[in-house]
Every structure is written in structure tokens, then in C-alpha cells.
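Counting convention: from 1, in listed order, for ligands and their atoms alike. When reading the values below, keep in mind they use all heavy atoms of this one structure, side chains included, and skip hydrogens, waters and symmetry mates. Computed from a predicted model, the values in this text were never measured in an experiment.
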Amino acid sequence: MYSENIQQLLENKNIETGDRIQVNGRKGRLMPKPGTGDPEILNLKLDSGYNIGLEPEEIELIEKNEDSGELDIDLKHSENKPNILVLHTGGTIASRVSYEEGGVKPAFDPEDLVQMYPELAEEVNLHSEVVAQMLSEDMEPGHWQDIAETIDEVKDDYDGIILGHGTDTMSWTGAGLSLMLQNLDTGVMIVGSQRSSDRPSTDAKMNMYCASRFLTETDFTGFGVCMHETSSDDTCNILPPQKVRKMHTSKRDAFKPINAEKLGSVNYQTGRIETNFDQDDEEYEKNTELDEEVGVLKVRPGMKPKEIEFLIEQDYSGVVIEGTGLGHMPVNAFDEKTQHHEDILEKLEKLSEDTVVVLASQCLDGRTDMNVYDAGIKIQDAGVIESQDMHPELAYVKLMWSLGQTDSMEDAKEVFQENVNGEISDRSMYEG
Ligand code: GLU
């Protein structure tokens with residue numbers, strides 16, 4: 001609550017929360033004061049979307065808030081429009097600013113979506129269902145299974161599904177889903193936003209709109225990720241979710257394909273849609289089993305044998321080692337500083353006896369090849385297999401899934417090394 005002084009000042013100027021005002025030369029919307037803040041400081045949401053606190057010296061009303069919180073747009077569902085289900089898991093994409101409560105709040109109802117995405121609601125009938133409500137750093141493999149089960153249940157009822165997801169772990173969920181639900185006959189576009197919908201630079205609207213157009217105007221089926229191609233509002237890329245990675249903390253074009261090509265694009269300005277995918281008519285398969293007992297180790301100068309000892313003690317079913325270059329780790333002992341490398345190799349051999357150990361590359365781009373250098377050959381002889389062109393996070397998800405399909409370590413290795421649903425590319429794709 002603001003102090004009585006401040007409340008009086010606001011009343012005199014006919015200013016209420018949500019109104020656009022100017023305070024000491026800064027323009028923004030007046031936010032409410034949470035119980036803990038200094039009651040003499042005004043909270044202002046700037047046009048950039050950031051909140052600041054100001055001691056009011058000069059204050060002036062610019063515009064009353066028209067957003068009463070009431071809906072003035074009807075759902076406009078019609079039989080002639082395609083039906084799109086928005087499945088929510090949380091993240092920025094699923095929140096809108098609340099001037100009544102002073103923060104962003106989840107927007108899960110179809111009515112909320114219509115209000116947030118009126119341009120989209122003109123073209124499709126929007127439906128909505130909540131699977132989860134979280135920031136994606138809290139996402140667990142068990143949530144991927146819940147999402148997969150929901151998609152499996154509802155997929156035949158809609159012309160396309162938009163899966164709203166936080167961007168941090170979107171690619172992990174994408175990798176998990178594409179293995180769990182293969183050859184889907186419905187299109188599912190995973191969509192996130194790097195900037196929340198209350199900021200002028202938000203990417204939420206364009207990403208949602210382009211995803212919906214690709215789903216309804218092409219014959220795309222299976223999973224895709226739809227995010228900005230560049231930092232301007234021109235084109236959205238449609239990317240293969242198992243081969244994509246968040247490569248920037250905050251830029252709108254953070255998502256890049258790794259060892260893969262895009263599946264298409266939608267130009268928001270011209271309306272042009274490009275496609276680059278092959279349709280297969282193989283049978284739909286659902287395999288949601290996972291073995292979550294998978295550990296990860298990052299190779300770097302200075303790593304110690306005790307780290308591998310620790311992994312042995314964990315009794316993991318699988319371990320992904322993020323190696324250097326073509327798939328290496330320090331296993332050559334040649335001077336006094338490298339004597340412990342022998343111990344690393346011995347422990348690696350011990351770990352591989354009961355655990356599927358995979359070597360992936362920190363390079364991300366390119367393919368492991370452990371036959372080029374002596375180190376790679378020693379590591380393979382210790383029982384380690386390579387991730388080929390799967391980047392480390394994809395290798396981690398694929399290993400969980402491979403181990404979930406069988407009780408045999410040898411079979412799991414085979415499953416891991418085969419391309420199941422686009423996660424391992426042909427050698428020629430990027431070397432050509
Ligand atoms: N850490 C949040 C998440 O990944 C960031 C917000 C967002 O990207 O939606 O959910």
C-alpha cells in the first residue's frame with residue numbers, strides 16, 4: 001500500500017493503478033505497491049517492461065487505463081475456422097501483466113488468449129488446456145511424459161496444437177517428445193517467448209501467430225519449434241525440436257538448429273510460408289518410458305579421476321560425458337602433470353562395465369569421430385560409445401529414452417546409436 005500522502009497526491013491528479021503517467025520525466029504505468037515496499041516510492045512499469053521505483057517530485061496523468069480486466073472481445077468461434085489447441089506448460093508465453101496485482105500472471109483461459117492474441121483469434125478457433133504451470137527450469141522428465149500423454153489423448157480433436165513452453169529447457173522437452181511420440185499425424189508447434197507480452201519488444205505474438213499459420217496452412221505433422229529467425233519482427237523459423245538449442249540468454253532469435261536444417265519459415269510481414277520437410281506415412285508410435293538414472297560429466301583441463309569414481313558409486317544406468325573436439329578426454333599420461341590420466345582411463349573402463357557411457361562433443365556443431373586420434377581409440381576400447389551428431393543435451397535425453405526401452409545394456413546401446421526420429425542426421429547433411 002502507498003502512504004496516505006501518496007494516495008492523496010494520486011487522488012488529486014485522478015490517477016489510479018494501471019494508468020499511464022509521467023513521474024519525474026519517466027513514462028510508464030502505475031503499478032500497485034506490494035505489502036513490503038517503501039510506501040513513499042511509486043512503482044512504475046516503464047515502456048521497456050522493466051519496473052522502477054521513483055520518489056515522486058513531478059507527477060502527471062497521461063492516459064487512463066482502458067484495460068478494465070473485463071473482456072470485451074468475444075471468442076468468435078466459427079465452424080469455418082480451424083481449431084487450434086494451446087497446451088500450456090507455463091513460461092513467459094503464458095503470462096500477461098496484471099495492473100491490479102502488480103506483476104505478470106498466468107493467462108490460461110481461451111478468453112485470456114483471445115485478448116492477448118486477437119490477430120490469431122481472427123483466424124482460428126482457440127482452445128486451451130493446462131498441462132503444467134512452471135518456469136521451464138523446473139521441468140522434470142516426468143512432465144515430458146504428462147505432456148506426451150495429453151497430446152496422445154487430444155491429437156485427433158484439433159487441426160494443430162501449440163505447446164506453450166518456457167525457453168530455457170524447451171529443446172530438452174522437444175527432444176523427449178519427439179522420441180516418445182513418433183510419426184504423429186497432427187502438427188505440434190512448441191512456442192516460447194524471450195520477452196514477456198507486456199513489453200513492446202515481445203516476441204510472443206509473432207511466434208504464436210506464425211506457429212498457427214504453419215500448422216493450418218501446410219500439411220506439417222509431428223513436432224516443430226517456432227521462434228524468431230532474426231532479432232527483428234520479420235520471419236519465424238520452424239525448427240526440428242530435437243536438433244535445436246537456445247544459444248542466447250535474451251535475444252529473440254536465440255534458437256538455432258544444431259547439425260540440422262530448418263523445417264520451414266513464416267514471413268510475418270509478407271505472409272510467405274516456406275517448407276523444407278518430408279512427410280512420412282509411417283505408423284504412429286507411442287513409447288513414453290524413460291530411465292532417469294543418467295548422469296552427466298563435463299570434460300575440462302584439470303578434471304580428476306575421483307569424478308569418475310563418484311559416477312561409479314552412483315550406480316547410474318547411463319552417463320553422458322561432454323568431451324572435447326571429436327570426442328576426447330584426458331587419457332594420455334606422458335609427464336608428471338598427466339600421470340593421473342591413466343587412472344581416468346582405468347576408472348572409465350570400470351564405469352563402462354555396468355553403465356552405458358556416451359561421449360558427446362562440447363563443440364555442438366559437427367559429429368564425434370573417435371577413430372582419428374589415439375585418445376578416441378583408447379576411450380572406445382574402454383567401452384564408451386559416441387553420440388555422433390547429437391549434441392550433449394540431446395544425447396542425454398536420447399540415452400534416458402534408449403535405456404527406458406529395454407533392460408539390456410547392449411540393446412540400449414544399439415537403440416541409442418540408431419536414428420529413431422530425426423535425432424541423428426546423415427553424415428552427408430552437413431559435411432556436403
Ligand atoms: N526461465 C524461464 C523459462 O524458461 C524464462 C521465461 C521463458 O523463457 O519463458 O521458463
Side-chain angles (χ1 to χ4, degrees), residues 45-46 48-51 85-98 101-109 112-113 115-117 120 128-148 150-151 161-178 188-212 223-231 233 236-239 241-258 296 391-394 396-397:
K45 179 172 276 297
L46 299 176
S48 63
Y50 289 109
N51 292 347
L85 173 68
V86 181
L87 268 185
H88 299 278
T89 66
T92 302
I93 190 88
S95 18
R96 70 187 185 99
V97 72
S98 162
E101 289 152 37
V104 288
K105 66 172 192 181
F108 287 149
D109 298 332
D112 280 323
L113 293 173
Q115 204 172 42
M116 281 165 75
Y117 307 112
L120 185 58
S128 168
E129 192 168 329
V130 178
V131 194
Q133 182 185 343
M134 67 178 79
L135 295 174
S136 73
E137 55 269 38
D138 291 324
M139 189 74 70
E140 287 286 327
H143 294 120
W144 308 337
Q145 288 166 320
D146 294 346
I147 299 168
T150 307
I151 293 174
I161 297 173
I162 292 178
L163 180 68
H165 200 290
T167 54
D168 284 10
T169 66
M170 182 189 272
S171 60
W172 309 65
T173 302
L177 291 177
S178 68
V188 180
M189 210 52 79
I190 311 175
V191 179
S193 67
Q194 289 277 81
R195 314 263 169 88
S196 57
S197 60
D198 55 305
R199 295 174 68 176
S201 64
T202 182
D203 48 340
K205 288 191 175 73
M206 181 172 140
N207 294 347
M208 291 284 284
Y209 182 80
C210 292
S212 169
F223 291 97
V225 159
C226 179
M227 295 290 289
H228 269 52
E229 180 179 35
T230 67
S231 51
D233 283 337
C236 271
N237 269 342
I238 311 299
L239 301 167
Q242 61 280 66
K243 305 288 281 181
V244 82
R245 198 171 185 282
K246 182 173 178 175
M247 301 295 276
H248 199 279
T249 52
S250 56
K251 276 169 71 176
R252 299 185 297 175
D253 56 336
F255 281 79
K256 305 288 177 209
I258 304 293
V296 174
H391 62 75
E393 294 121 15
L394 171 57
Y396 170 77
V397 178

Worksheet item: Yes or no on side chain to side chain donor-acceptor pair (under 3.5 Å) for Ser231 and Lys251, after CA distance, side-chain angles and deciding distance?
Response: CA-CA 7 Å; Ser231 51; Lys251 276 169 71 176; 5.7 Å; no

Fill in: Polar contact flag, side-chain donor to acceptor under 3.5 angstrom, His165-Thr173
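Yes, a side-chain donor-acceptor pair sits under 3.5 Å.
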
Roughly how far, to the nearest 0.5 Å, is the [atom2] atom of [Y] from the [atom1] atom of [X]?
| X | Y | atom1 | atom2 | value |
| --- | --- | --- | --- | --- |
| Thr167 | Leu135 | OG1 | CG | 10.0 Å |
| Lys243 | His391 | NZ | NE2 | 7.0 Å |
| Glu393 | Ile258 | CD | CD1 | 9.0 Å |

Practice prompt. Taking side-chain contact (heavy atoms from CB on, under 4.5 Å) as the test, write out the residues that go with Lys256, two or more places apart.
Written response: Met247, Asp253

Discussion item. So if I only count non-hydrogen atoms and take anything under 4.0 Å from ligand 1, which residues does that give, chain by chain?
Written reply: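 Near ligand 1, by chain and number: Gly91, Thr92, Leu135, Ser136, Glu137, Gly166, Thr167, Asp168, Ser193.
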
